[in-house]
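See below for the structure under consideration.
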Amino acid sequence: MSKIKICGMMRSEDIEIVNELTPDFVGFVFSSIDGRFRRQVSVSKAERMRSSLKTSIKAVGVFVDEPIEFIERICEDDIIDVVQLHGNEKAEYILELSRTVKTPIIKAVHVKSAEQIYEAEKLPCQYLLLDTAYKDKVGGGGKKFNWDIIPDDIKKPFFLAGGLNAENISDALKKVNPYCIDLSSSVETNGFKDREKVKEVIKKARKLEERL
């Protein structure tokens, strides 16, 4: 059964929504540079939100080419359960990070080819996240990539992101069968998480999984 991740938690209201609807993962976007990303939250704010999050829901910290010390501090404070690297982090960086933190690591792949995915499988991480490749951003653009690129024989469990919504998650689950589907902008209205949209995608995903 594929899991569900709702990324981009920014408000206490977002935590209330996910506590009610219980996805498997939620994502907090962090940056050591203020204002770098629209959905980023401060470490202190994420810590407060995490304290209200149901223990059954895993918190994922999303980072883009950050100093390892920055990630280490957030892990040591038990703010997150999983690290997601969404930038250009190489094998050496991931290996050093894995020696420093005990949390599982997800490495994002901005998909352009099957060969790229095969190469990413060799990285020292527990999961991959397959996302749309953009020229001038690292994610969150709300556009789907060509799922036919994904190899049928991929062995490492992966999160599927990029343009997923209530209309296409059924196709994603049937065709791609990811470890987890990852949504953010498609469950927002005016830039904020929308309870009804979150409810719709979770209901559709879980109803389909019951039939598969």
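- Checked against side chain to side chain contact (heavy atoms under 4.5 Å, CB included), E115 has the following partners two or more places apart in sequence or in another chain: S113.
- Between L128 and I117 the shortest heavy-atom distance is CD1-O, 4.2 Å.
- Proximity of a side-chain donor or acceptor of Q40 to a complementary backbone N or O of I33 within less than 3.5 Å is detected.
- Ion pairing of E20 with K199 is absent here, as no side-chain N (NZ or NE/NH1/NH2) approaches a carboxylate O to less than 4.0 Å.
- Using a 4.5 Å cut-off on side-chain heavy atoms (C-beta onward), V176 and F158 make contact.
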- Please lay out, stage by stage, how F30 and F63 fare under the test ring pair (Phe, Tyr, Trp, His ring centres under 6.0 Å). CA-CA 6 Å; F30 293 100; F63 305 91; 5.4 Å; yes
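- Distance check, rounded to the nearest 0.5 Å: CG of D81 to OG1 of T103 gives 8.5 Å.
- Here the side chains of I71 and L85 are in contact, with some heavy-atom distance below 4.5 Å.
- One distance of note links CD1 of I74 with CD of E69; it measures 12.0 Å at 0.5 Å rounding.
- No side-chain donor-acceptor contact under 3.5 Å links E72 to the backbone of T100.
- K45 contributes a side-chain N or O that, together with a main-chain N or O of M10, makes up a donor-acceptor pair within less than 3.5 Å.
- Considering all non-hydrogen atoms of both residues, F145 and A161 come closest at CE2-O, 3.6 Å.
- Side-chain contact of N165 with S186: a donor-acceptor pair under 3.5 Å is absent, judged by distance alone.
- Under 4.0 Å is where a charged nitrogen must lie from a carboxylate oxygen, and between E188 and R39 at least one such pair does.
- A donor-acceptor contact under 3.5 angstrom links the side chains of Q84 and K5, judged on distance only.
- Formation of a donor-acceptor pair under 3.5 Å by the E96 side chain with backbone atoms of E92 is not found in this model.
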- Message: Go through it in stages, so that I can follow the logic: the residues are Y127 and K156, the test is side chain to side chain contact (heavy atoms under 4.5 Å, CB included), and I'd like the CA-CA distance, side-chain angles, deciding distance and then a yes or no.
- Response: CA-CA 6 Å; Y127 305 94; K156 187 164 286 189; 5.5 Å; no
- Query: Run the side chain to side chain donor-acceptor pair (under 3.5 Å) check on K197 and T189 step by step: do they pass?
  - Reply: CA-CA 9 Å; K197 290 182 178 180; T189 298; 3.1 Å; yes
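- Here CD of E16 is found 9.0 Å from CG of D14. Values are rounded to the nearest 0.5 Å.
- Using a 4.0 Å cut-off between charged nitrogen and carboxylate oxygen, E13 and K193 do not count as a salt-bridge pair.
- A continuous path of hydrophobic side-chain contacts links L160 to I149 [ILVMFWY only; heavy atoms under 4.5 Å].
- Side chains of V41 and M9 form no contact here, defined as non-hydrogen atoms less than 4.5 Å apart.
- Listed for the T132 side chain is a donor-acceptor partner under 3.5 Å among the backbone atoms of K143.
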- Verdict with reasoning, V43 to I79, per side chain to side chain contact (heavy atoms under 4.5 Å, CB included): CA-CA 8 Å; V43 175; I79 299 172; 3.5 Å; yes
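- In this structure a side-chain-to-backbone donor-acceptor pair under 3.5 Å is missing from E89 to I94.
- Salt-bridge check for R36 with E66: passed, with a basic side-chain N closer than 4.0 Å to an acidic carboxylate O.
- Salt bridge D171/K174: absent, no basic N to carboxylate O contact under 4.0 Å.
- In this structure the side chain of P67 reaches within 4.5 angstrom of the side chain of S32, judged on heavy atoms.
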- Item | Worked verdict on K175 versus D148 for side chain to side chain contact (heavy atoms under 4.5 Å, CB included) | CA-CA 9 Å; K175 185 173 184 177; D148 290 335; 2.7 Å; yes
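- Across every non-hydrogen atom of Y118 and P151, the tightest pair is OH-CB, 3.2 Å.
- Across K112 and Q116, no two heavy atoms sit closer than the pair N-OE1, 2.6 Å.
- By the 4.0 Å N-to-carboxylate-O rule, D24 lies close enough to R206 to be salt-bridged with it.
- Between the CG atom of D131 and the CZ atom of F159 there is a distance of 12.5 Å, given to the nearest 0.5 Å.
- Each of I106, V26, I80 was evaluated against V60; a single residue qualifies, I106, per the side-chain contact (heavy atoms from CB on, under 4.5 Å) test.
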- Task: Could you check V62 against C7 for side chain to side chain contact (heavy atoms under 4.5 Å, CB included), going step by step and ending with a plain yes or no?
- Result: CA-CA 9 Å; V62 181; C7 201; 3.8 Å; yes
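- Enclosure of atom CG in D153 by more than 12 non-hydrogen atoms of other residues, nucleotides or ligands within 6.0 angstrom is indicated.
- Using a 4.0 Å cut-off between a side-chain N of Lys or Arg and a carboxylate O of Asp or Glu, D78 and R50 do not qualify as a salt bridge.
- Minimum heavy-atom separation, I181 to A205: CD1-CB, 4.1 Å.
- Counting only heavy atoms from C-beta outward, the side chains of L97 and V83 approach each other to under 4.5 Å.
- Across every non-hydrogen atom of D65 and N88, the tightest pair is OD1-N, 2.7 Å.
- With a 4.5 Å cut-off on side-chain heavy atoms, N177 and S2 count as touching.
- Although no hydrogens or angles enter the test, the distance criterion places no donor-acceptor pair under 3.5 Å between the side chain of Q126 and the main chain of P104.
- Expressed to the nearest 0.5 Å, how far NZ of K3 lies from CZ of F25 amounts to 6.0 Å.
- Note that CG of N19 is 8.0 Å distant from OG of S56, once rounded to the nearest 0.5 Å.
- Between the side chain of K107 and the backbone N or O of G87 there is at least one donor-acceptor pair closer than 3.5 Å.
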